[in-house]
J.: 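Please read through the structure below; I'll follow up with questions.
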Amino acid sequence: MRRCNEEVAGLLQEYADLIAITGGDAFKVRVYEKAARSVGGYGREIDGMDAAGLRAIPNVGASIAAKIDEYLRTGSIHQLEELRTRIPAGVRLLTTIPTLGPKKAMALYHERGVDSIEKLEHAIHAGALQGMHGFGAKTEENLLHGIDVIRKTGSRVHIGIAMAVADEVVPALSAVPGCERCAYAGSLRRMKDTIGDVDVLATADDSAALMTAFTTLPYVTEVIAHGETKSSVRTASGLQVDLRVVPGDSWGAALQYFTGSKAHNIRTREIAVHRKLKLSEYGVFDVATGEKITSADEAEVYGMLGLPWIEPALREDTGEIEAALGEGLPRVVTLADIRGDLHTHTDLTDGLAPLEEMAEAAAARGYDYYAVTDHAPGLSMQRMTGEKALAQRERLRRLGAARPGMTLLHGCELNIGPEGEVDWPPEFLAGFDLCVASVHSHFTQPAEEMTRRLVRACENPYVKIIGHPTARVIGRREPVDADWPRVFDACARTGTALEIDAFPDRLDLPADLVRRAAGRGVLFAIDSDAHAVPHLANMRYGVGTAQRGWLTPDRVINTWPLDRLREFLRPR
DNA sequence: GCCGTTTTCGGCCCGACTGTTTTCAGTCG
C-alpha cells in the first residue's frame, strides 16, 4: 500500500505550510518540505517501520521520525493538531492561489479576517483590502485571476490522485466475499487528465455486504448515500467515490455505460435504435420483443452494434464511432509498447534517488534503455555544472557496462531561454546521447515570442525532445500561449519529438494538442520525468494521454528498438 | 529541523521577477 507514504507526505507538507504561515523559521519549513518529498518518493512502504527505520529516509531525523512514528501508532501528530487549531484550514487553502504565499495569507487573516477563498474574493470586490501593506491594484487583479485559475479545475483532481483512490478501493472491494467482479469506470477509465469523481462498478450476489464494506473503508470520511445498488462516499482527500453494484450478467453493458463519455453513449444508443435495439446499462435488448440479447461482455455489446470494441480513452465522440464504422480505429500505444524512459532525474539535481537506484528500478520495469536527463545550469537553483555532468557521464558509463541488459543513455534537460537559447554550447551538447529542452521560466510571453522561442529550440540540432511543451501544471499554472500549429510544423520539419510528460499534474502535451500535432506529422516521447523511484510508474498516465491523442506506437520514439532510436537521436 | 563535519554548530539553493515597500518583500521555480 503506497497510501501511507503519501498520507504522511501530505501531513508533513501541511505542517511545513502551517509553520510558514505562522511565520516560523524558513529553514525549518524547507526541511519539512524536503522530508515530505522524501517520504512520498521513498521506495519502500513506511507502514510498520520503527523510528530507526524511518530515520534511514533522507531528510528524516529524530524529530520528524518521532512525528511519523506517532502518526503510525495513533493516527495523528499532536504538534500538527495544535497548529491546526490556530490556523483555519481555509487560510492554508488561500496559499493554493498562485501569487499568494504564506505571508500574504497570514496578513489577510490577521488584518481582515479572511479565512477562505470566497471571503477573499468578496473582500477584493468590496474594496476591503485597500490600505493593506503590499496589496495594490495589480495584486488584487492577480489574486482574482489566481482564483479564476483554481476555479477552472473546480473540485476536480488530477488523475494521479483519483487513480490512487481507485487502486485502493478496487482491490479492497474485490477481496470482499461474494464480490465477483470489480473495476473502475468513468473518466478515470478513459484516462482524462482531471477527474470529478471515481466511479466503481461491481457485481456480487450479496450487494448489501459489498455496500457495507464500501461505506466503512478506513479512508471514508463521509457517507453521502448508502443504497442497495448505489452508494457514494467522500474520502479523506475530499474526492467522491460512487459504487454501483449490478447483476453479474449485466457487467459488460454496465461497464460500457458507466465508462462513458456521455457523448459517446448517446452515439452508441443512437446506433442501437437504428438497429431496432435498445442499449442501456442493463444490456442490449430487442425492441420488438423486449428480450435481452447480450450484456455480459463489453466487446459483445459493441459487437451487437456492428462496432469493434473501442479503447476507453477514445470514447469521447470525437470521431471514434466514424473510424470504427469506416477506416478502422487506430491501434493505440499501450504500456507494453514502451521500451524505455527518456526524461528522468537523479539526486545530482532535484531528484531524490541516486543514479544507481533509478537505473535499478528502470531495469526492474523491463526497459531496454533508460536516459538520465538531469537539469542544466540555467536552472541555477540546481547548481549544475559541466564538470558535474561529465562526472555523471563517467559514472553512468561504468554502471552501463556493469548492466548489459539495459542501455543507459546520458542526457540532460536544457532550459529554453526567453529567446529560444539553451544552457550549453553545441560542442558540449555533442557529448550527450540525448538533449531534452524545456521551458522553465518566462511563462507569460506573448504567443508570438513564445512560438519563436519554441521553434528556435526545435531548430537546435542537438535538441531532440521538447519537454512538457505547454509547461502547464493542472490546477496551478495555465499552459503557455503559442501558435501551436507553427510549433508542430517546426517539430515535424526538424525531426524534434514533443514530449508527453507523464507526471499526473502535468500530462503535457495535453491530449487534444497531441492529436492535432500527430496530424501534422509530429513524433512523440512519452516520459515519466521521474524525480524519484515511484514516479517511474507514472508512465501509465502518459500512455493514457497518448491514447486520448490517438497515437499509434510507431509515432512514439520510445517504443522503437534502440537502433532506430539512436538513429533518431543523431544530431542533424 | 537536518546534515556534515573543519563532528554537537553553522549552514541550509539562489536568482529572477513582480509589485510596490523610493530600497525591498514576497513568490516562484
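Computed from a predicted structure; not experimentally measured. Computed from heavy atoms alone, side chains included, the values below leave out hydrogens, waters and symmetry copies. In what follows, chains are A, B, ... by sequence order, proteins preceding strands, each numbered from 1.
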J.: Can you pull the ring-ring contact (aromatic ring centres under 6.0 Å, His included) pairs that have at least one residue in residues 435-476 of chain A, sequence neighbours excluded?
T.: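 Non-adjacent pairs meeting ring-ring contact (aromatic ring centres under 6.0 Å, His included): H375(A)-H440(A), H440(A)-H468(A).
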J.: Reckon T139(A) has a side-chain N or O less than 4.0 Å from the OP1 or OP2 of dT20(B)?
T.: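 Looking at the OP1 and OP2 atoms of dT20(B), one of them is under 4.0 Å from a side-chain N or O of T139(A).
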J.: Show me the donor-acceptor pairs within less than 3.5 Å that the side chains of residues 127-140 of chain A make with the rest of the protein, sequence neighbours left out.
T.:
none

J.: What nucleic acid atoms does G136(A) come within less than 4.0 Å of, heavy atoms only: base, sugar-phosphate, or nothing?
T.: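 The residue G136(A) makes sugar-phosphate contact but no base contact.
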J.: Report all interatomic pairs (protein N or O, nucleotide N or O of nucleotides 24-27 of chain B) with separations under 3.5 Å.
T.:
unit_1  : atom_1 : unit_2  : atom_2 : d
dT27(B) : OP1    : G101(A) : N      : 2.5
dT27(B) : OP1    : G101(A) : O      : 3.0
dT27(B) : OP1    : K104(A) : N      : 3.2
dT27(B) : OP2    : K103(A) : N      : 3.2
dT27(B) : O5'    : G101(A) : N      : 3.4

J.: Dump every N/O contact between nucleotides 8-10 of chain B and the protein below 3.5 Å, one line per pair.
T.:
none

J.: Run the ring pair (Phe, Tyr, Trp, His ring centres under 6.0 Å) test against Y32(A) and tell me which residues pass, sequence neighbours left out.
T.: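 If we apply the ring pair (Phe, Tyr, Trp, His ring centres under 6.0 Å) test to Y32(A), skipping adjacent residues, the hits are Y15(A).
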J.: Please identify each residue that fulfils ring pair (Phe, Tyr, Trp, His ring centres under 6.0 Å) with F432(A), with sequence neighbours left out.
T.: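 H410(A), W424(A), F428(A).
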J.: List in chain and number order the residues that pass salt bridge (Lys or Arg N to Asp or Glu O under 4.0 Å) with D193(A), two or more places apart in sequence or in another chain; answer none if no residue qualifies.
T.: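 Applying salt bridge (Lys or Arg N to Asp or Glu O under 4.0 Å) to D193(A) gives R472(A).
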J.: For F27(A), what residues pass the ring pair (Phe, Tyr, Trp, His ring centres under 6.0 Å) criterion, not counting sequence neighbours?
T.: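 Expected list: none.
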J.: Report which part of the nucleic acid D25(A) touches: base, sugar-phosphate, or nothing (heavy-atom distance under 4.0 Å, all strands).
T.: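 Since a base atom lies under 4.0 Å of D25(A), the category is base.
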J.: Can you list the residues that meet the salt bridge (Lys or Arg N to Asp or Glu O under 4.0 Å) rule with D512(A), with sequence neighbours excluded?
T.: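 Salt bridge (Lys or Arg N to Asp or Glu O under 4.0 Å) list for D512(A), sorted by chain: empty.
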J.: Polar-atom pairs under 3.5 Å, protein N or O versus N or O of nucleotides 3-6 of chain B: list them with distances, or write none.
T.:
unit_1 : atom_1 : unit_2 : atom_2 : d
dC3(B) : OP1    : N59(A) : N      : 2.7

J.: Nearest whole Å is fine: how far is dG29(B) C1' from D505(A) CG?
T.: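 Spelled out: CG on D505(A) to C1' on dG29(B) is 13 Å.
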J.: So, is R30(A) close to the dC13(B) phosphate, meaning a side-chain N or O under 4.0 Å from OP1 or OP2?
T.: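 It does, given that an N or O in the side chain of R30(A) lies less than 4.0 Å from OP1 or OP2 of dC13(B).
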J.: If the condition is salt bridge (Lys or Arg N to Asp or Glu O under 4.0 Å), which residues does R493(A) pass it with, not counting sequence neighbours?
T.: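 Result, salt bridge (Lys or Arg N to Asp or Glu O under 4.0 Å) vs R493(A): E459(A).
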J.: Who pairs with E141(A) by side-chain hydrogen bond (donor to acceptor under 3.5 Å, both in side chains), at least two apart in sequence or on another chain?
T.: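 Residues passing side-chain hydrogen bond (donor to acceptor under 3.5 Å, both in side chains) with E141(A): none at all.
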